[in-house]
Peer 1: 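Structure incoming, see below.
Numbering starts at 1 and runs along the sequence shown. Just so it is clear, the values below take in all heavy atoms, side chains as well, and ignore hydrogens, waters and symmetry mates. These numbers were taken from a predicted model, which means no experiment stands behind them.
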Amino acid sequence: MSTASHLRLRCPAQSHSVAPIRHALRAFLEAIGVSGDCLDDVTTAAGEALANAVEHAYREDAGPARFVELHARIARGKLAVDISDGGTFIERERLPGRGFGLRIMRAVTPQFRIDTGRGTSVRMRFRLQKS
């Protein structure tokens, strides 16, 4: 579902879902006038969060309940982007050449939070930079 200032997508938590969600987010951002570094930062951070949800949130036996959801909207003068899943957040040991996703998200996101409990939600807030 999408309106002029709101986009919500829910897809199976599978690797082939990440690119279409990221492209839909980019199109939404462009449609509301977000541009430049803000556009790149938002799509980069969201892409990392989506990839993490797909790769790490679910055990193999989760079956058809595996999902990832993106919710982007204008809230209180900021761009709010939340990536959620129904899985479990696990702090993982970094492997050589891996483990940069959370650092990238934190580096490009002015307000960043991870909520856990019933699934995991990565909550990001950006200052709007419109063209």
Peer 1: Out of curiosity, Phe67 CZ to Cys11 SG, how far, rounded to the nearest 0.5 Å?
Peer 2: 11.5 Å
Peer 1: Look only at the side chain of Thr120 and the backbone of Thr116, and say whether a donor-acceptor pair between them is shorter than 3.5 Å.
Peer 2: no
Peer 1: Could you pull out all residues at least two apart from Ala53 that satisfy side chain to side chain contact (heavy atoms under 4.5 Å, CB included)?
Peer 2: Val68, Asp85
Peer 1: Side chain to side chain donor-acceptor pair (under 3.5 Å) with Ser84: which residues, sequence neighbours excluded?
Peer 2: Ser121
Peer 1: Start with the C-alpha distance between Leu79 and Val81, add both sets of side-chain angles, then the distance that settles side-chain contact (heavy atoms from CB on, under 4.5 Å), and finish with yes or no.
Peer 2: CA-CA 7 Å; Leu79 174 64; Val81 179; 4.0 Å; yes
Peer 1: Quick one: side chain to side chain donor-acceptor pair (under 3.5 Å) partners of Glu69, sequence neighbours excluded?
Peer 2: Arg8
Peer 1: Phe112 ring centre to Arg106 NZ or CZ under 6.0 Å, with the angle to the axis within 45°?
Peer 2: no
Peer 1: Who are the side chain to side chain contact (heavy atoms under 4.5 Å, CB included) partners of Ser15, not counting sequence neighbours?
Peer 2: Val54
Peer 1: Run the side-chain contact (heavy atoms from CB on, under 4.5 Å) test on Met105 and Val122 for me, step by step, so that the C-alpha distance in whole Å, both residues' side-chain angles and the decisive distance to 0.1 Å come before the verdict.
Peer 2: CA-CA 10 Å; Met105 286 182 264; Val122 175; 4.2 Å; yes
Peer 1: Please report the interatomic distance OG(Ser5) to CD1(Ile32), rounded to the nearest 0.5 Å.
Peer 2: 7.5 Å
Peer 1: Which residue pairs pass the salt bridge (charged side-chain N to carboxylate O under 4.0 Å, His left out) test with at least one member in residues 38-52, sequence neighbours excluded?
Peer 2: Arg26-Asp40
Peer 1: Going by the rule side chain to side chain contact (heavy atoms under 4.5 Å, CB included), which residues pair with Ala107 if we only count those two or more places apart in sequence or in a different chain?
Peer 2: none
Peer 1: I'd like to know whether Lys78 forms a side-chain contact (heavy atoms from CB on, under 4.5 Å) with Arg76, so could you lay out the CA-CA distance, the side-chain angles of the two residues, the decisive distance to 0.1 Å, and finally the verdict.
Peer 2: CA-CA 6 Å; Lys78 293 185 178 182; Arg76 297 183 202 111; 5.8 Å; no
Peer 1: Only counting residues at least two apart or in another chain, list the ones meeting side chain to side chain contact (heavy atoms under 4.5 Å, CB included) with Ala19.
Peer 2: Arg22, His23
Peer 1: Roughly how far, to the nearest 0.5 Å, is CG of Leu50 from CD1 of Ile83?
Peer 2: 4.0 Å
Peer 1: About how many Å separate NE2 of His71 and CG of Leu25, when rounded to the nearest 0.5 Å?
Peer 2: 11.5 Å
Peer 1: When you group the ILVMFWY residues by side-chain heavy-atom contacts below 4.5 Å and let the links chain together, are Val42 and Val108 in the same group?
Peer 2: no
Peer 1: Within a strict 4.5 Å, meaning less than it, do heavy atoms of the Arg127 and Pro110 side chains meet?
Peer 2: yes
Peer 1: I'd like to check the salt bridge (charged side-chain N to carboxylate O under 4.0 Å, His left out) partners of Arg123; sequence neighbours left out, ordered by chain and number.
Peer 2: Asp82, Asp115
